[in-house]
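Here the structure is a predicted model, which is why all the values come from computation and not from measurement.
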Amino acid sequence: MDTTYAELTEKMRSMESEASLARQALVLRLLKGGDERMFQRLVEHSQGVCFVAIAILLDSEDGSPAGDEEGRKSYSCAAISRLAQQVLESEGASVAAVEEGTAAVILPLKHQHLPIHLVGMLEDLQGEIARTLGLSVTIGIGSVAENYDELRESFRYAQSCFRQRFFEGKGKVFHCDPLVVEEDSQTEAIYPDKREKRIVEAIKLQQLDKLEKEIDLWVKDIRGYSYHEVMFFINQFIGGLYKQLNVHSFKKPGECRAVSRIYPGYYTL
């Protein structure tokens, strides 16, 4: 990243205002431990009947100079949130950097559905961030929210969109349709890492019967999760195999056939 800390700081100050600071504080409190009363404050100070949460992720800065990576990311994310506030000001948006590398936008809506111009507006924001700050971001759009709990859920949906980068690339705008998310699930999806270790062991020992059995059990373990969680786990599984077996060659065709059953596009990925 060519932009220095001093340049970023100057740009951040030029975008700052007392009103934007208040909105930043409200976003942080809503998404990091607020309550319904605070949500009502948001309703009173906006013209929307409902809201949507949007997550902005700073893409990895490939090729950036070595140095204080965490500090650079913090400055970059703060600059992104302030620029987003400036660009989306006319829409009544409230923006804040909520965690390392991620900014959150709460956008009021006049109707109980997403506006048709939303994606185009966010793509324009991406372009402005690239031109002004020289940074690439991926954006996730959550679901429509009518109360405090739904707003937090909307932001969770927005963040889940980032998993799509593994398959479609960075620097895009994604919308997470909550219909493909396990709405009734109250527990966090847990990757079956112990099962993966057994699969790797079976491959190394060329135990084909055990390998097929463990693969079937691995698939059953993740079958109940949402589409995006399953795809994320598949990507993690393939990455794990690559790391653990990069010095091991398959000696029997049956091993490749068994592993490839997990995902039809295994060899492509």
Side-chain angles (χ1 to χ4, degrees), residues 19-20 22-59 77 80-99 101-129 137-165 168 170-185 226-229:
S20 67
R23 283 193 290 263
Q24 289 177 46
L26 181 60
V27 172
L28 284 169
R29 294 178 68 183
L30 278 167
L31 299 180
K32 296 293 181 178
D35 53 30
E36 188 66 35
R37 184 178 57 181
M38 191 168 295
F39 180 81
Q40 290 305 318
R41 283 182 54 195
L42 176 68
V43 173
E44 292 170 4
H45 289 84
S46 70
Q47 298 179 347
V49 296
C50 49
F51 302 85
V52 61
I54 298 166
I56 305 175
L57 177 69
L58 172 64
D59 292 328
C77 190
I80 287 168
S81 67
R82 285 159 177 76
L83 180 56
Q85 181 66 71
Q86 188 180 69
V87 172
L88 302 176
E89 188 84 38
S90 61
E91 301 290 331
S94 298
V95 188
V98 292
E99 54 192 51
T102 304
V105 180
I106 298 178
L107 187 69
L109 304 175
K110 296 181 180 179
H111 307 283
Q112 294 179 327
H113 57 77
L114 298 176
I116 58 175
H117 70 282
L118 179 59
V119 172
M121 180 176 67
L122 294 175
E123 288 175 343
D124 289 344
L125 172 61
Q126 285 179 316
E128 187 64 27
I129 290 172
V137 296
T138 296
I139 298 178
I141 304 171
S143 53
V144 175
E146 298 184 34
N147 55 52
Y148 171 68
D149 290 334
E150 289 181 359
L151 181 63
R152 289 174 64 88
E153 187 176 62
S154 177
F155 186 61
R156 181 172 64 85
Y157 286 150
Q159 288 182 300
S160 73
C161 293
F162 297 153
R163 298 172 183 174
Q164 298 180 48
R165 295 185 308 153
E168 300 185 43
K170 302 175 183 178
K172 297 184 179 180
V173 177
F174 299 110
H175 177 242
C176 181
D177 185 348
L179 292 178
V180 301
V181 178
E182 287 288 330
E183 296 182 347
D184 295 331
S185 176
S226 73
Y227 167 80
H228 295 291
E229 288 168 336

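A distance of 4.5 Å separates CG of Leu122 from CD1 of Ile54, quoted to the nearest 0.5 Å. Taking CE from Met121 and CD1 from Ile116, the interatomic distance works out to 12.0 Å, rounded to the nearest 0.5 Å. To the nearest 0.5 Å, the span separating CG on Leu88 from CD on Glu128 amounts to 11.0 Å. To the nearest 0.5 Å, atoms OG (Ser94) and CG (Leu31) are separated by 10.5 Å.
Minimum heavy-atom separation, Gln164 to His175: NE2-O, 4.2 Å. Scanning both residues, Ala55 and Phe155, for their nearest heavy atoms gives CB-CE1, 3.8 Å. The shortest non-hydrogen separation linking Thr138 to Gly171 is OG1-N, 3.0 Å. In terms of heavy atoms, Ser154 sits closest to Ala53 at OG-N, 3.0 Å. The nearest pair of heavy atoms linking Cys161 to Gly140 is CB-CA, 3.8 Å. When every heavy atom of Ala96 is checked against every heavy atom of Leu28, the shortest pair comes out as CB-CG, 4.2 Å.
Residues Gln86 and Glu89 fail the side-chain proximity criterion, which asks for heavy atoms closer than 4.5 Å. Put simply, the side chain of Glu91 reaches to within 4.5 Å of the side chain of His117, judged on heavy atoms. Taking 4.5 Å as the limit, every side-chain heavy atom of Val119 sits out of range of all side-chain heavy atoms of Ile139. Looking at Asp59 and Arg165, their side chains come closer than 4.5 Å, going by heavy atoms from C-beta outward. Contact check for Leu151 versus Leu30: side-chain heavy atoms found under the 4.5 Å cut-off.
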Q: Kindly indicate, with the supporting measurements, whether the criterion side chain to side chain contact (heavy atoms under 4.5 Å, CB included) is fulfilled by Asp124 and Val87.
A: CA-CA 9 Å; Asp124 289 344; Val87 172; over 6 Å; no

Q: Dump the intermediate steps for side chain to side chain contact (heavy atoms under 4.5 Å, CB included) on Glu150 and Val144, then the final yes or no.
A: CA-CA 8 Å; Glu150 289 181 359; Val144 175; over 6 Å; no

Contacts under 3.5 angstrom, residues 102-113 side chains, donor-acceptor by atom type, not counting sequence neighbours:
unit_1, atom_1, unit_2, atom_2, d
Gln112, NE2, Glu146, OE1, 3.4
Gln112, NE2, Glu146, OE2, 3.2

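Around the CZ atom of Arg29, the shell of radius 6.0 Å holds no more than 12 heavy atoms that belong to other residues, nucleotides or ligands.
By the ring-ring contact (aromatic ring centres under 6.0 Å, His included) test, Phe51 is found to be paired with Phe39, residues two or more places apart in sequence or in another chain being considered.
Checked by atom type and distance alone, the side chain of Gln126 pairs as donor or acceptor with a backbone atom of Lys172 at under 3.5 Å.
Neither side chain, Gln40 nor Glu44, offers a donor N or O lying under 3.5 Å from an acceptor on the other.
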